[in-house]
Every structure is written in structure tokens, then in C-alpha cells.
Amino acid sequence: MKLSMPRFDQASVLVVGDVMLDRYWHGGTSRISPEAPVPVVRVDQVEDRPGGAANVALNIAALGAPAALVGVTGVDEARQSLSDSLAAAGVDAHFQQIEHQPTIIKLRVMSRHQQLLRMDFEEPFDTDPAALLAQVEALLDGVKVLILSDYGKGALRNHQALIQAARKRGIPVLADPKGKDFEIYRGASVITPNLAEFEAIVGHCADESDLVAKGAELMSELELGALLVTRGEHGMTLLRPDHSPLHLPARAREVFDVTGAGDTVISTLAAAIAAGEELPQAVALANLAAGIVVGKLGTACISAPELRRAVQREEGSERGVMTLEQLLTAIEDARAEGEKIVFTNGCFDILHAGHVTYLEQARAQGDRLIVAVNDDGSVSRLKGPGRPINSVDRRMAVLAGLGAVDWVVCFAEDTPENLLAEVKPDVLVKGGDYGVDQVVGAELVTAYGGEVRVLGLVENSSTTAIVEKIRQR
């Protein structure tokens with residue numbers, strides 16, 4: 001299955017459900033309490049993160065998609081913390097505020113990246129279903145996907161009314177179900193239970209064929225468009241009426257914390273569908289995102305650059321020959337990871353040992369190396385008739401095969417100054433025996449705070465000399 005990174009900027013998603021605040025107390029432990037055999041945590045950091053349906057909306061916004069949220073809170077400092085965090089992330093949040101009831105808080109005590117204790121502060125909300133439905137209906141215009149993020153905390157009491165309101169407008173409905181009554185999700189486009197939730201409804205599944213059979217029966221009974229069962233270390237299974245099952249393996253390299261993984265799955269799935277992806281491709285993207293998030297601590301979001309890099313790794317397109325547009329996107333993603341960008345340029349007509357050594361030295365100046373190559377016309381102007389020996393596509397292909405080179409791009413001008421203005425590398429590297437101020441583009445790079453470095457050349461290595469030697473034979 002071929003994957004591509006969707007354009008999320010127009011993929012508007014509305015999330016409705018149980019919002020909560022995930023609060024973390026971090027601190028060191030160095031002794032056992034004299035009062036009881038428990039560790040004493042000296043709290044030195046308090047961290048608040050949106051949780052539940054709020055985390056789903058936050059994940060959607062982190063992908064670059066417009067996200068709106070409808071939920072229920074108390075009137076307290078936890079609600080204010082949620083509002084501030086969501087507003088900062090660009091989420092359009094609408095809360096039904098209930099007096100004299102607390103906003104749900106999940107408090108975790110952490111030490112050395114380990115969770116020692118979790119405390120839940122919550123009471124079932126006595127909500128007004130009609131008021132919540134009215135809020136949702138007022139926001140549905142322009143929405144591409146509706147998510148029901150159900151944690152069984154009382155915000156969702158009118159599932160069918162919400163599903164029907166979306167279906168009347170042709171809006172797909174995705175539901176992350178809870179409880180032992182899936183009848184309330186009848187008519188949903190996709191539901192995304194984990195294996196335990198699924199088996200609580202259909203009974204134990206002895207193997208994959210049993211899971212598929214019971215899933216098909218559930219879809220028929222509830223008139224579902226599709227069923228996505230998340231299966232932890234066994235990956236995911238997508239079931240659709242009249243389609244073969246799609247089993248995707250787990251993608252996590254290392255599982256650090258599964259908190260919020262289900263939120264990541266449904267948020268990525270919804271954003272991808274809203275961006276126009278077909279369901280199998282959207283599920284594959286959600287699977288990649290889940291593999292990233294379980295390698296993080298606590299309730300975490302997946303950014304668009306992280307997902308894009310995962311897609312590139314999947315498709316084998318993370319490195320190599322690129323257009324300028326592709327290169328600029330790759331640079332943006334690399335900088336999001338804190339990587340230093342190195343740039344060098346040249347004709348590289350006949351690649352020799354001097355080039356290889358030089359490029360390895362250039363790559364050592366940072367984390368990513370761009371090699372900009374003169375096109376055939378500019379090489380001919382610079383080197384004279386009969387050059388280049390190799391066309392630009394061949395020269396770029398050879399450079400892309402070197403381990404030291406990350407990205408290769410060509411330019412048509414005699415100098416790379418226009419390209420440098422677009423790329424803005426952290427380090428500009430050239431080989432030679434001249435001063436930094438003589439490097440083409442040095443003034444431009446130093447003006448925005450970049451560095452210019454001159455590396456020595458390997459002696460007795462010259463493309464021109466090689467060409468002359470061949471011609472003399």
C-alpha cells in the first residue's frame with residue numbers, strides 16, 4: 001500500500017466527548033517514608049496536558065488540521081488550564097460548564113519517568129443533552145469528520161442524535177467506543193475499539209478468523225460502515241463490509257507509554273479521512289502515528305513533521321534526489337527535530353575519491369547534508385565545451401547513493417545564491433584553499449546568522465585532471 005502525507009490544512013474535524021485534564025507531578029525519589037513503606041517524591045514540576053476528547057482535538061491540531069471541540073467541564077482552575085492549553089494550540093473549544101461539579105482530573109505522580117501513582121478526581125456529569133446537541137449542530141457547517149470521543153464520563157448521552165445530525169449533512173462519524181452497549185453507536189461510519197473492548201461485546205476471539213467473523217456480524221447488526229480493532233503489539237485490523245480484512249502490524253520500535261495511543265489513532269484517522277484519504281490509507285497513517293506515540297512519555301501528540309518523516313521512511317523517500325519544494329519540506333521537518341543543516345555545491349561531473357572524502361567531512365559539520373548540483377547548462381558555461389561528461393540526472397543519482405549525502409538538488413544558475421536564499425542552511429561548506437569571505441554565498445549566509453566553513457581538498461584529486469588523462473589515451 002503506497003502512503004503519502006495528506007494536506008491537513010483544510011481537513012476540518014469536530015470532536016465531541018469527555019474532556020479531562022491530565023496532570024503530572026514530577027520529582028525525584030531518594031528515600032522511603034517513615035510513615036509507610038512508600039517512596040517520598042519531592043515534587044519539583046507540575047505539568048498539565050489536555051486529556052480524553054481534548055487530547056484528540058489537540059492531536060488533530062498538531063497535524064495542522066482545523067480542530068473544534070465540544071465537551072463538559074466544571075467551573076474551576078482545571079477548566080481554565082484546559083481552555084488556555086487548547087487555545088494556544090489553535091483548538092476552537094466550546095465547553096458546557098456545570099456549576100458545583102469538578103472538571104475531570106487524572107493526576108499522575110511521576111519519578112524517573114516512571115508512574116508511581118494515579119489519582120482520579122471526577123463525578124459523573126449531569127449534562128443537558130439537548131444543549132450539547134445544539135452546540136454541535138451550530139458547528140457542523142464546513143466540518144469534514146465528526147468524532148465521538150467517549151470515555152463514559154457523561155458528556156455523551158445522545159449518541160444517536162449526534163450521529164444522525166452528522167449523517168444528514170453527509171459527514172462521516174468516527175466513534176471511540178466505551179462500555180458494553182455498542183448499540184448507541186449504530187450507523188457510525190467507523191468505530192475504533194481496542195481488542196479488550198471489542199471482546200467485551202462479541203466474546204473471546206480465538207484467532208484472527210474468529211475476530212473477522214465476529215466483527216462482520218457486529219458491523220451488520222449495527223449498520224456500521226467499518227470497524228477498526230486496535231490490538232496492541234499485534235497491530236490493527238480493519239474490517240469493511242464486502243472487503244477483505246486488512247491486518248496491519250504494530251509499528252512501534254520501543255513501547256514506552258501507551259497513554260493516549262487510542263486518541264492518536266482516531267485523531268490521525270479522522271484527519272486523514274477529512275483530508276480526502278481512502279480508509280485503508282488513513283488507517284495505515286494512524287498505525288504509523290500510534291507507533292510514534294507509544295515511544296513517548298504520557299499523553300503526547302504527533303506533529304505533522306513527525307508523521308511525514310515516518311511516511312518518508314515507510315516509502316523509502318526520506319533521502320535522495322529532491323525537487324526544491326520537497327527539499328524545503330524535508331528541511332522544515334529536520335529543523336523541527338533540532339537538526340543542523342549543512343549545504344555544499346558543485347558540478348561533481350566525475351565522482352572521485354576527493355569528492356567522497358570531502359562530502360564525508362562536510363556531513364560531519366551537522367546532521368543533514370544538502371548537495372546542490374549545477375545543471376548541464378551551467379556546467380558547460382563554467383567548464384567549457386565537452387562538459388559535463390555525465391548528465392545532471394546521472395550525477396545526482398551517484399551522489400544520492402553516498403552514505404554521507406542526505407539530499408541532492410540541482411540549480412540552473414552559475415552560482416547557488418538563489419538556492420541558498422531559499423534553503424538558509426545553518427552551515428555553508430566549500431572545499432579549497434581560499435578564505436571564507438571568498439566563498440560564493442558567504443555574505444548571504446552570515447547575514448542571517450549561519451556559518452561558513454572551508455575544508456581542505458584531497459591532493460591529486462581533480463575531475464579536470466581525470467578528463468585530460470582519459471583524452472590523452
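Every heavy atom of this structure was used, including side-chain atoms; hydrogens, water molecules and symmetry mates were not.
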Has [X] got a side-chain atom pairing as donor or acceptor with [Y]'s backbone, closer than 3.5 angstrom?
X	Y	result
D349	I389	yes
S33	V38	no
R240	A226	no
N287	P249	yes
S380	G377	no
D426	I341	yes
K340	P425	no
T446	E443	yes
E337	A334	no

**Request:** Please test D92 against H94 for side chain to side chain contact (heavy atoms under 4.5 Å, CB included), starting from the C-alpha separation and ending with a verdict.
**Result:** CA-CA 7 Å; D92 181 21; H94 302 261; 3.1 Å; yes
Roughly how far apart are [X] [atom1] and [Y] [atom2], rounded to 0.5 Å?
X	Y	atom1	atom2	answer
Q281	L246	CD	CG	9.0 Å
F121	I105	CZ	CD1	6.5 Å
S303	R308	OG	CZ	8.5 Å
E417	F411	CD	CZ	10.0 Å
I302	I60	CD1	CD1	13.5 Å
N194	T230	CG	OG1	5.0 Å

**Message:** Checking R309 against E339 for the salt bridge (Lys or Arg N to Asp or Glu O under 4.0 Å) test, could you report, in this order, the C-alpha distance in whole Å, the side-chain angles of both residues, the deciding distance, and whether it holds?
**Reply:** CA-CA 13 Å; R309 296 187 94 175; E339 294 178 345; 3.1 Å; yes
**Prompt:** Taking only residues two or more places apart in sequence or in another chain, which ones pass salt bridge (Lys or Arg N to Asp or Glu O under 4.0 Å) with K178?
**Reply:** D176, E197
**Message:** Among residues at least two apart in sequence or on other chains, which ones pass salt bridge (Lys or Arg N to Asp or Glu O under 4.0 Å) with E208?
**Reply:** R231
**Asked** Does the salt bridge (Lys or Arg N to Asp or Glu O under 4.0 Å) test come out yes or no for K106 and D22, once each step is laid out?
**Response** CA-CA 5 Å; K106 308 288 185 181; D22 285 325; over 6 Å; no
**Message:** Under the side-chain contact (heavy atoms from CB on, under 4.5 Å) test against V136, which residue among L148, L14, V143 passes?
**Reply:** L14
**Asked** Do R23 and D48 pass the salt bridge (Lys or Arg N to Asp or Glu O under 4.0 Å) test, and can you show the C-alpha distance, the side-chain angles, and the key distance before you say yes or no?
**Response** CA-CA 5 Å; R23 178 162 285 169; D48 285 352; 2.7 Å; yes
[X] side chain to [Y] side chain, donor-acceptor N/O pair below 3.5 angstrom:
X	Y	answer
S81	D84	no
R395	S391	no
D76	T103	yes
N55	D263	yes

**Residues, nucleotides or ligands: over 12 heavy atoms within 6.0 Å of R381 CZ** = yes
**Request:** Take R42 and D44, measure what salt bridge (Lys or Arg N to Asp or Glu O under 4.0 Å) needs, and give me the verdict at the end.
**Result:** CA-CA 6 Å; R42 185 182 179 87; D44 55 24; over 6 Å; no
Decide yes or no for [X] and [Y]: does some side-chain heavy atom of the first lie under 4.5 Å from some side-chain heavy atom of the second?
X	Y	value
R112	T29	yes
V405	L359	yes
W25	M110	no

**Item:** Geometric cation-pi criterion R49 and Y24, 6.0 Å radius, 45° cone
**Value:** yes
**Request:** Decide yes or no on side chain to side chain contact (heavy atoms under 4.5 Å, CB included) for M236 and V265, but give the supporting numbers first.
**Result:** CA-CA 10 Å; M236 300 179 180; V265 169; 3.5 Å; yes
**Item:** Candidate pair R453 and Q365, rule side chain to side chain contact (heavy atoms under 4.5 Å, CB included), full reasoning
**Value:** CA-CA 9 Å; R453 299 175 186 171; Q365 309 304 308; 2.7 Å; yes
**Prompt:** Which is it for F343 and V429 under the side chain to side chain contact (heavy atoms under 4.5 Å, CB included) test, yes or no, and what are the steps along the way?
**Reply:** CA-CA 6 Å; F343 180 103; V429 174; over 6 Å; no
